[in-house]
Amino acid sequence: MKKYFFSTVCLIFSGVCIQAEAQVSDPQILMTVGNRPVTLHEFKSMYYKNLPKDSLKNQKTLNNYLTLFTEFRLKVNAAIDARLDTTPSFRQEMNEYRQKLADPYMRDTAVENALVKEAYNRMLTDVKASHILIKLAPDAAPADTLAAYNKIIKIREEIVKKQIGFEEAAKKYSQDDRTAANGGDIGYQTVLEVSYSFENALYNTKVGNVSMPVHTSSGYHIIKVTDRKPDQGVVQVAHIMLRTPKGMSQADSLKIVSKIDSLYSLVQQGKDFGDIAKKVSQDPSSGRHGGVLPWFGVGRVPASFEDAAFGLKNIGDISKPIRTPFGWHIIKLIGRKAPPSFNDSVKESLSTRVLKDERSEQSVNALVAEVKQKYQFKEEPKAKEEFYKVIDETYYKNKWTADKAKDLNGLLFMIGGKGITQQDFAQYLLHNQTNGEDKGGEFAVNKAYPKFVKEQVLKFKNEMLEKEYMPFAEMIAEYRDGILLFDITDKMVWTKALKDTAGLRAYYNDHKTNYMWGERADASIFTCKDDKVAKEIKKLIKEGKSDKDILAEVNAKDADAASVQSNMYEKKDNALIDANWKQGVSEDQAVNGKVVFADVRKINQPMPKNLEDVRGMVTTDYQNYLMTQWLSDLRNRYPVQINQQVLAQVMPQ
């Protein structure tokens, strides 16, 4: 996107450009620029927004602002009439900006804030649990879903009736390959680490109880909560690790135990932990940094490692060797942070995580329900059901065509007076087909329809933003006018001045006297080793020799005998030249142990500078000239009328 570096005017002036004719006598119309009106509200809000409060009652400030604002509106008018708001680049930039600006409006902020607060409150407690999983594909057929649900319910009943213990049931029934063997134990968990539905069950189930079935993308779960404790915050540790590969022999296993014990003895004797980690740790990513790991909280590392790390009390404490599924570790506590308070930084961080989490759909769904109610959403259920018969096996092969629904021309639902038709839904189905098992038309339609409704309701909400929220409309208009101002000014002034070399030279030729050299001394300043060298140089000057030849002669025997600086000097460029502003050789001066004098060959009279010497300055002046000419043309093209009575209402009382 273009950045707002166009000009101060662009930053100051923005507002809604109402493209309709209006009479300047209208009490709400402050002015007309051409046939486009500017409302009192538009001007007044910008005037109050962009100027210091203590200057608002100053009539001169108001008059200056009105002049600049009028010029701004003249330029935007020209951009609109030049159709710069129809170019692909303009539309793309506006679409990108509008989408970014619309994002906060497309969620229920009250629900979102509640989710953030809920996440924080849960963050203060760690929950230990075990679970049993019955796997189910995300797109499973209704019959398979029911079968999985019934199976998990039956397992729960066995546990609740004490026909089997939870740990035994997990080993027997759970389809989670990672946890089934250890009785379903998943250790301590905290917020935003598992799916939202799973998390809800964790935090809503009492210690010792078993939850009702929980559906996630993996399938159905039942969860037993075994402990709760206040969150311990996060820790940072360093570790020395020796790996224990799968299938290793008992002899090799004993060797590793012996080696980790010897390493532990070394650190107990005061040997540098970081040096040992760098030399022998088999975790290369941390080993090169002395074994230091990133900060972590509960649920992020194996349970035995977590227990050992959080069990260390003081910075620098070192654990005994502990075993994890990856190997043996010695752990050193580097740092510890308590759970943070609910300040702005934590709120912002949690908000970002919540928006990336599936729970963010809660705020979107709440908004959808709100929009449906506000704009009288009304469905035609039979219109949806008519699609059951037109969806066949080709839909599951990604070969279905909308022609199969060509006879469906009814209304699906209405929202805010806008009708969404069966053909709209047919196009949605066309672009959202799938590959897989044929589950029938009813399954496909019932799965796709809620998503389609949600998409259409959100689209309607998005289209209504300018009408519902004046600040949103004003910000869109501000950005729009800013881009137009930049583009039209670039076209008519900035780039034109850079590319119009003939026009630039013509302007320079007409204004040469604005770019003059003052009197300049064509002179050389000689720095000599001693007065003997100075006398020799002055003699050579009288003989008419050049500076180059003079230096060659006097430095032939001693390379450091003399040096010279030749230039065209203006007054105040050099004090020695200023003191001898006349043709001829100056008196000697002692400077830092050397002899210095000036040879002024000529005093040149004032003359115009070459264009290349002042191109930057001339270009700026030419741009200002083009701007003045352009504004004059715009004022003739778009007559400006100002209602003085309405203008009087701008000044604060």
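- Taking 4.5 Å as the limit, every side-chain heavy atom of T434 sits out of range of all side-chain heavy atoms of N398.
- G419 and L411 get closest at one heavy-atom pair: CA-CD1, 3.7 Å.
- No side-chain heavy atom of V191 sits less than 4.5 Å from a side-chain heavy atom of R353.
- The shortest side-chain heavy-atom distance between F413 and K378 does not fall under the 4.5 Å cut-off.
- Put simply, the side chain of N77 gets close to the backbone of V33: a donor and an acceptor are under 3.5 Å apart.
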Task: Pair V457-Y375, side-chain contact (heavy atoms from CB on, under 4.5 Å): steps then yes or no - done: CA-CA 10 Å; V457 171; Y375 290 100; over 6 Å; no
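- Among residues two or more places apart in sequence or in another chain, the salt bridge (Lys or Arg N to Asp or Glu O under 4.0 Å) test is passed with R178 by D176.
- The two residues F443 and P142 have their closest heavy-atom pair at CD1-CD, 3.4 Å.
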- [ ] Apply the test side-chain contact (heavy atoms from CB on, under 4.5 Å) to residues I134 and Y149: give CA-CA distance (whole Å), side-chain angles for both, the deciding distance (0.1 Å), then the verdict.
- [x] CA-CA 8 Å; I134 299 301; Y149 180 81; over 6 Å; no
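- Considering only heavy atoms from C-beta on, R480 comes within 4.5 Å of M94 through its side chain.
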- [ ] Apply side-chain hydrogen bond (donor to acceptor under 3.5 Å, both in side chains) to Q92 and E96, showing your working.
- [x] CA-CA 6 Å; Q92 179 181 349; E96 290 174 354; 3.2 Å; yes
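- Residue-environment remark: CD (Q99) stays at or below the threshold of 12 foreign heavy atoms within 6.0 Å.
- Looking at every heavy atom in both residues, L626 comes nearest to V493 through CD1-O, 3.9 Å.
- Between K439 and E393, none of the side-chain N atoms (NZ, or NE/NH1/NH2) sits under 4.0 Å from a carboxylate O, so this pair counts as no salt bridge.
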Open item on the list: If you apply the rule side-chain contact (heavy atoms from CB on, under 4.5 Å), what do you find for E474 with E466, and how did you get there?
Closed with: CA-CA 8 Å; E474 290 178 345; E466 280 85 352; over 6 Å; no
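- Residues V127 and Y203 form a side-chain contact, since some pair of their non-hydrogen atoms from C-beta on lies under 4.5 Å apart.
- Within the 4.5 Å cutoff, the side chain of I80 has heavy atoms near those of the V76 side chain.
- For Y449 and Y428, the ring centers sit 6.0 Å or farther from each other.
- Under 4.0 Å is where a charged nitrogen must lie from a carboxylate oxygen, and between E112 and K117 no such pair does.
- Side-chain N/O atoms of K454 and N365 include a donor and acceptor closer than 3.5 Å.
- Residue S360 comes nearest to D357 through the heavy atom pair OG-O, 2.8 Å, listed as atom of the first residue, atom of the second, then distance.
- For N343, the CG atom counts as densely surrounded, since its 6.0 Å shell holds more than 12 non-hydrogen atoms of other residues, nucleotides or ligands.
- Distance check: N113 CG to L350 CG gives 12.0 Å after rounding to the nearest 0.5 Å.
- Between K49 and E478 there is a salt bridge, since a side-chain N of the basic residue sits under 4.0 Å from a carboxylate O of the acidic one.
- At least one donor-acceptor pair under 3.5 Å links the side chain of Q422 to the backbone N or O of A383.
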TODO: Take V371 and I415 through the side-chain contact (heavy atoms from CB on, under 4.5 Å) test and state the conclusion after the steps.
DONE: CA-CA 9 Å; V371 175; I415 182 167; 3.8 Å; yes
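- Here the side chains of E42 and F69 are in contact, with some heavy-atom distance below 4.5 Å.
- The closest donor-acceptor contact from the side chain of T32 to the backbone of N35 lies at 3.5 Å or more, if one exists at all.
- Salt-bridge check for E370 with K461: failed, with every basic side-chain N at 4.0 Å or more from each acidic carboxylate O.
- Here the shortest heavy-atom pairing between Y220 and A148 reads CD1-CB, 3.9 Å.
- L429 and Y395 make their closest contact through O-CE1, 3.7 Å (heavy atoms, listed as atom of the first residue, atom of the second, distance).
- A salt bridge is defined here as a Lys NZ or Arg NE, NH1 or NH2 lying under 4.0 Å from an Asp or Glu carboxylate O, and E199 with R122 meets this definition.
- With sequence neighbours excluded, the residues satisfying salt bridge (Lys or Arg N to Asp or Glu O under 4.0 Å) with R300 are E193.
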Open item on the list: As a quick check of understanding, evaluate side-chain hydrogen bond (donor to acceptor under 3.5 Å, both in side chains) for K404 and T394, giving each step before the final call.
Closed with: CA-CA 11 Å; K404 295 187 178 183; T394 60; 3.1 Å; yes
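- Between the side chain of T205 and the backbone N or O of A201 there is at least one donor-acceptor pair closer than 3.5 Å.
- Donor-acceptor pairing under 3.5 Å is recorded for the side chains of Y479 and E93.
- Residue-environment remark: CD (E348) stays at or below the threshold of 12 foreign heavy atoms within 6.0 Å.
- In summary, the side chains of T495 and D490 do present a donor paired with an acceptor at a separation below 3.5 Å, with no hydrogens or angles considered.
- The main-chain N or O of Y396 is never found under 3.5 Å from a side-chain atom of Q433 such that the two would form a donor-acceptor pair.
- Ring pair Y622/Y625 is parallel by interplanar angle, where below 30° counts as parallel and above 60° as perpendicular.
- A donor-acceptor pair under 3.5 Å is absent between the side-chain atoms of S351 and the main chain of K347, judged by distance alone.
- A side chain to side chain donor-acceptor pair (under 3.5 Å) check over residues 628-638, counting only residues at least two apart or in different chains, returns the pairs D81-Y638.
- Residues T109 and P104 have side chains not in contact (no heavy-atom distance under 4.5 Å, counting atoms from C-beta outward).
- Comment: E442 does not engage K384 in a salt bridge, judged by the lack of any side-chain N to carboxylate O separation of less than 4.0 angstrom.
- Looking at Y196, its side chain never comes within 3.5 Å of a backbone N or O of Q362 through a donor-acceptor pair.
- Side-chain contact of S197 with H215: a donor-acceptor pair under 3.5 Å is absent, judged by distance alone.
- Without hydrogens or angle criteria, Q189 side chain to G299 main chain gives no donor-acceptor distance under 3.5 Å.
- Residues T421 and D424 bring a donor and an acceptor atom of their side chains to less than 3.5 Å of each other.
- Between D139 and K447, no side-chain nitrogen of the basic residue sits less than 4.0 Å from a carboxylate oxygen of the acidic one, so the salt-bridge criterion is not met.
- In this structure, L202 CG and T125 OG1 are separated by 12.0 Å, a value rounded to the nearest 0.5 Å.
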- [ ] Just do the salt bridge (Lys or Arg N to Asp or Glu O under 4.0 Å) check on D85 and R91 with the steps written out, would you?
- [x] CA-CA 7 Å; D85 56 346; R91 289 179 175 176; over 6 Å; no
